[in-house]
There are 2 protein chains.
Amino acid sequence: MSLPHAILTALLEKPSSGLELTRRFDRSIGYFWSATHQQIYRELGKLEQAGHIRALPAPTPARGQKKEYEVLPAGRAELTEWVARSEDPKPLRSALLLRMRAAAVVGAPGMREELRRHLDLHRRQLEEYRAIEVRDFPPARRESEPDRLRHLVLRGGIDLERFWVEWLTQALGELER
Amino acid sequence: MSLPHAILTALLEKPSSGLELTRRFDRSIGYFWSATHQQIYRELGKLEQAGHIRALPAPTPARGQKKEYEVLPAGRAELTEWVARSEDPKPLRSALLLRMRAAAVVGAPGMREELRRHLDLHRRQLEEYRAIEVRDFPPARRESEPDRLRHLVLRGGIDLERFWVEWLTQALGELER
DNA sequence: CCCGCTTGTGCAACTAGTTGCAGAACACTC
DNA sequence: GAGTGTTCTGCAACTAGTTGCACAAGCGGG
């Protein structure tokens with residue numbers, strides 16, 4: 001039940017159309033809660049139905065016409081309530097770790113290349129996050145609570161990527177023995 | 001498409017019945033690929049259908065009767081092929097990071113307690129992993145390739161939990177300002 | 001001997017997420 | 001002004017995972 005709240009958050013930060021949201025998910029929110037445009041359109045429909053958001057009046061409402069949404073007070077209330085809600089972390093699901101475990105049973109040839117590829121991807125992601133940190137969170141921008149929290153989330157992303165880079169490096173070393 | 005391969009791996013390590021598999025998923029494989037017993041039974045059916053595993057002949061086959069499965073050569077071949085297959089890491093999905101981002105927008109009261117709870121859960125998990133490491137991977141058991149790979153997977157789990165413990169500690173510090 | 005508890009298997013219905021495709025509006029250009 | 005590409009919205013069908021429940025077999029106690 002996180003997608004609607006991801007959308008509410010994004011819309012509070014800035015009212016947007018479905019496609020704009022999709023793009024913002026690809027860059028920002030999607031770093032820790034990704035979604036395809038179809039998920040987003042469907043969810044926008046449900047949120048509107050539920051009275052949590054509304055479409056800004058468009059000059060000529062029609063199919064294929066851009067529709068901007070904004071959050072209604074009920075939506076903000078729902079989000080506020082959700083933020084304080086308690087929810088267990090769900091168990092990790094990593095196909096790569098699983099693969100490694102399988103490799104321990106049937107042998108690992110062919111995994112090296114895959115590990116290198118992942119290492120490269122995670123290095124790139126790490127660089128991207130670091131660039132965002134430099135751009136969006138210079139020391140001056142770390143004062144207000146909202147900025148500090150957003151920065152905290154980004155630090156989480158950075159440290160996670162760092163974890164993967166380290167683990168993959170270690171794994172490659174192990175396989176090269 | 002990882003669940004069938006998780007099951008094949010588990011069955012190669014030791015032929016088991018559905019319920020046994022479920023328990024082993026709760027302890028071991030499930031640490032990085034969890035599954036409920038229904039998922040497992042359904043998948044066992046499909047794997048048997050596909051000729052990847054077979055049920056060991058039981059004295060009196062009947063409903064509610066324990067059924068042991070073992071992997072057939074075709075299943076092992078499928079798993080071997082899968083290990084070398086290339087697959088992009090899927091983007092992270094963390095409700096907690098999302099919540100933090102939402103908190104930056106609507107305010108964070110009530111998050112402290114939730115963070116403390118998660119911190120506690122991750123600390124416990126970390127301790128559990130460390131206990132497993134001490135028990136199953138003493139230095140002597142780090143020689144054979146299979147053991148080294150299994151150990152590597154466990155190290156991954158440990159470092160991930162360590163990441164969460166660190167991030168949550170940092171986050172709590174930030175909120176306490 | 002039958003009652004309740006545990007073990008073990010499984011169906012059905014649901015929720016969340018993915019993939020493939022299509023159609024309307026607009027802009028551009030030849 | 002017909003043809004082509006882009007932007008934007010959306011339906012339909014599918015896959016994976018979750019939840020709730022049912023039912024059979026075996027075991028132990030009153």
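A note on names: the letters A, B, ... follow the listed sequences, proteins ahead of strands, and every chain is numbered from 1.
Whole-Å rounding puts the B:Leu3 CG to C:dG17 C1' distance at 16 Å. Summarising the geometry, the separation between NZ on B:Lys67 and P on D:dA24 is reported as 16 Å, rounded to the nearest angstrom. With rounding to whole Å, B:Leu56 atom CG is found 12 Å from C:dT9 atom P. A straight line from CD of A:Glu68 to P of D:dT7 spans 17 Å, rounded to a whole angstrom. Remark: P of D:dG17 and CD1 of B:Ile7 are 10 Å apart, rounded to the nearest angstrom. A straight line from CG of B:Leu19 to P of C:dT6 spans 14 Å, rounded to a whole angstrom.
With salt bridges taken as basic N to acidic carboxylate O contacts below 4.0 Å, one links A:Arg150 and A:Asp147. At a threshold of 4.0 Å, the pair B:Glu114-B:Arg117 counts as salt-bridged, since one of the basic side-chain nitrogens sits closer than that to a carboxylate oxygen. The existence of a salt bridge linking B:Arg116 and B:Asp120 is excluded, since no basic side-chain nitrogen approaches an acidic carboxylate oxygen closer than 4.0 Å. Ion pair A:Glu81/A:Arg85 flagged as a salt bridge, since at least one NZ, NE, NH1 or NH2 atom sits closer than 4.0 Å to an Asp/Glu carboxylate oxygen.
Contacts between residues 40-50 of chain A and DNA chain C, defined by a heavy-atom separation under 4.0 Å, are made by A:Arg42. Taking a 4.0 Å limit (strictly below) on heavy-atom distances, residues 77-103 of chain B reaches DNA chain C at B:Arg93.
In the set C:dT18, D:dT18, C:dG17, D:dT18 carries the atom at the smallest distance from any side-chain atom of B:Thr36.
With hydrogens and angles left out, the side chain of B:Gln39 and the base of D:dG17 share no donor-acceptor pair within 3.5 Å. You'll find a donor-acceptor pair under 3.5 Å spanning the side chain of B:Gln38 and the base of D:dG20, going by distance alone. Judged by distance alone, with hydrogens and angles left aside, B:His37 brings no side-chain donor or acceptor close enough to the base of C:dG8 to form a pair under 3.5 Å.
Heavy atoms of B:Ser17 sit under 4.0 angstrom from primed sugar atoms or phosphate atoms, though from no base atom.
The shortest non-hydrogen separation linking A:Leu44 to A:Gly18 is CD1-CA, 3.8 Å. The two residues A:Arg24 and A:Lys14 make their nearest non-hydrogen contact at NH1-O, 3.0 Å.
Relative ring orientation between B:Tyr129 and B:Tyr31 is described as perpendicular, the plane-to-plane angle rising above 60° on a 0-90° scale split at 30° and 60°.
The side chain of B:Arg23 contributes no N or O atom lying less than 4.0 Å from OP1 or OP2 of C:dT7.
Of the residues listed (B:His122, B:Gln125, B:Arg130), the one engaging B:Glu161 in a side chain to side chain donor-acceptor pair (under 3.5 Å) is B:His122, and it is the only one.
A:Ser28 and B:Arg101 are linked by a side-chain donor-acceptor pair at a separation below 3.5 angstrom, with hydrogens and angles left out of the test.
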